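Quick note: numbers below take in every heavy atom, side chains included, and nothing from hydrogens, waters or symmetry partners. Given the structure is predicted, the values throughout are model-derived calculations rather than measurements.
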2 protein chains.
Amino acid sequence: MTANHSHEDCVVEPALDVLFGKWKVSILYLLFQGTKRFSELQKSIPGITKKMLISHLRDLEEQDVILRIVYPSVPPRVEYSLTETGQSLGPILELMHQWGIKHEEQLMRKRSSEAVTQS
Amino acid sequence: MTANHSHEDCVVEPALDVLFGKWKVSILYLLFQGTKRFSELQKSIPGITKKMLISHLRDLEEQDVILRIVYPSVPPRVEYSLTETGQSLGPILELMHQWGIKHEEQLMRKRSSEAVTQS
DNA sequence: CTGGATCCTTTGTGATACTG
DNA sequence: CAGTATCACAAAGGATCCAG
């Protein structure tokens, strides 16, 4: 996914792959608040199915972004948390968040200034 | 795409949407070098089809990330360039690039230290 | 409670032919 | 040259049922 171009110096794909997926950022967002159980994540993300949650968690785990700890109790208890690699995604998310805000502002300014900017 | 979650304060989706697509970053990467013609983009991104190139360019244009200028000559000439909004994606790409590098390094360190770190 | 397996729909992408 | 249209395919996502 997300390109097989061979522009040698443009290594942004890994981060993109980690972030891509309909619910990945939601999951990461929650885990930035601290360790969460599977059921906590599920109820905190309305609309997500177990399949997708598991699928995304597996992806993130495999990419060493999150840590999965299983407590062999009855019933089973599984906790997910960010690894250091996961934590290091913070600044990226923060920047993208700021960009999202600024972008919205900008679109609003564009609209209100169109009547003036016109020749 | 990329989630309809309702975590009010997590507005990273716009940036993610802009960046997502198999060739989006390749396109942006080239446009960061300056204005490019359609045919330039196409030959600079081996493997991309006209359909995908146009599709992605349309997306980016609609999101106000790139500017499309048509010169009504014969044959037609169209030039694409980054808008200010597009330029502002630079830091994000830069951060993701750095993350990609660091992540690779880290995975390599993990492998070589596994034999030592083991209890 | 956590998670796997199956089936189905939707969306992203590729191949190709056609047009002003 | 820059683009459109159509068909086909793969992958992402959703629904549902099953299991330790």
Side-chain angles (χ1 to χ4, degrees), chain A residues 1-6 12-14 16-28 30-31 35-63 65-81, chain B residues 1-6 13-28 30-31 35-63 65-81:
Chain A
M1 244 303 163
T2 13
N4 45 347
H5 61 33
S6 38
V12 306
E13 312 301 345
L16 230 44
D17 284 350
V18 164
L19 260 22
F20 179 69
K22 191 169 180 179
W23 314 92
K24 289 268 181 71
V25 285
S26 299
I27 295 172
L28 293 175
L30 287 168
L31 292 183
T35 299
K36 303 282 181 189
R37 296 185 54 173
F38 182 86
S39 50
E40 286 182 285
L41 291 172
Q42 188 172 12
K43 72 171 173 43
S44 297
I45 309 178
I48 196 173
T49 61
K50 280 187 290 191
K51 181 195 174 186
M52 287 314 300
L53 182 51
I54 291 187
S55 171
H56 282 166
L57 287 172
R58 290 288 177 277
D59 290 349
L60 294 169
E61 186 187 3
E62 188 163 352
Q63 289 165 314
V65 170
I66 66 174
L67 186 65
R68 175 172 174 268
I69 300 182
V70 182
Y71 297 91
S73 52
V74 184
R77 174 192 185 87
V78 181
E79 289 187 350
Y80 294 91
S81 58
Chain B
M1 249 299 163
T2 15
N4 44 348
H5 62 32
S6 37
E13 312 301 346
L16 228 45
D17 285 349
V18 164
L19 260 20
F20 180 68
K22 190 170 182 178
W23 314 93
K24 290 268 180 73
V25 284
S26 300
I27 295 172
L28 292 175
L30 288 168
L31 292 184
T35 299
K36 303 281 183 193
R37 296 185 54 174
F38 181 87
S39 50
E40 287 182 284
L41 291 171
Q42 188 172 13
K43 74 169 173 42
S44 298
I45 308 178
I48 196 172
T49 60
K50 280 187 290 191
K51 181 192 173 186
M52 286 314 299
L53 182 51
I54 292 190
S55 171
H56 282 167
L57 287 172
R58 291 286 179 277
D59 289 349
L60 293 170
E61 187 188 2
E62 188 164 352
Q63 289 164 312
V65 169
I66 66 174
L67 187 64
R68 176 172 172 268
I69 301 183
V70 182
Y71 297 91
S73 53
V74 185
R77 174 192 185 86
V78 181
E79 289 188 350
Y80 294 91
S81 58

S.K.: Would you mind reading off the distance between His56(A) atom NE2 and dG3(C) atom C1', rounded to a whole angstrom?
M.R.: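 Rounded to the whole Å, the gap is 16 Å.
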S.K.: Below the 4.0 Å mark, does dC1(D) have OP1 or OP2 next to a side-chain nitrogen or oxygen of Tyr80(B)?
M.R.: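 So the side-chain polar atoms of Tyr80(B) never come under 4.0 Å of the phosphate oxygens OP1 or OP2 of dC1(D).
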S.K.: Whole-Å distance between dG3(C) P and Glu61(A) CD?
M.R.: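 Nearest whole value for this atom pair: 9 Å.
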S.K.: Give the rounded distance in Å between these two atoms: CG of Leu41(B) and P of dC1(D).
M.R.: 14 Å
S.K.: Which of the following nucleotides, dG12(C), dT2(C), dG14(C), is nearest to the side chain of Arg68(A)?
M.R.: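 Taking heavy atoms from C-beta onward, the closest nucleotide is dT2(C).
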S.K.: Arg77(B) vs Arg37(B), test: side-chain contact (heavy atoms from CB on, under 4.5 Å). Steps then yes/no.
M.R.: CA-CA 7 Å; Arg77(B) 174 192 185 86; Arg37(B) 296 185 54 174; 2.7 Å; yes
S.K.: Does Ser39(B) put a side-chain nitrogen or oxygen below 4.0 Å from OP1 or OP2 of dA2(D)?
M.R.: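 Result: yes.
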S.K.: Of the nucleotides dC1(D), dG14(D), dG3(C), which has the atom closest to the Pro75(B) side chain?
M.R.: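 Among the listed nucleotides, the one closest to the side chain of Pro75(B) is dC1(D).
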S.K.: Roughly how many Å is it from CG in Asp17(B) to P in dG12(C), rounded to a whole number?
M.R.: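 Interatomic distance, CG of Asp17(B) to P of dG12(C): 10 Å.
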S.K.: Look at the rings of Phe38(A) and Tyr80(A) and say which category their plane angle falls in: under 30° parallel, 30 to 60° tilted, over 60° perpendicular.
M.R.: tilted
S.K.: Output the single nucleotide from dG4(C), dA12(D), dG3(D) whose closest atom is nearest the side chain of Phe38(B).
M.R.: dG3(D)
S.K.: What does the list of N/O pairs under 3.5 Å between the protein and nucleotides 15-20 of chain D look like, with a distance for each?
M.R.:
none

S.K.: Given dA2(D), dG3(C), dG3(D), identify the nucleotide with an atom nearest to the side chain of Arg37(B).
M.R.: dA2(D)
S.K.: Apply the test side-chain contact (heavy atoms from CB on, under 4.5 Å) to residues Leu31(A) and Ile66(A): give CA-CA distance (whole Å), side-chain angles for both, the deciding distance (0.1 Å), then the verdict.
M.R.: CA-CA 9 Å; Leu31(A) 292 183; Ile66(A) 66 174; 3.6 Å; yes
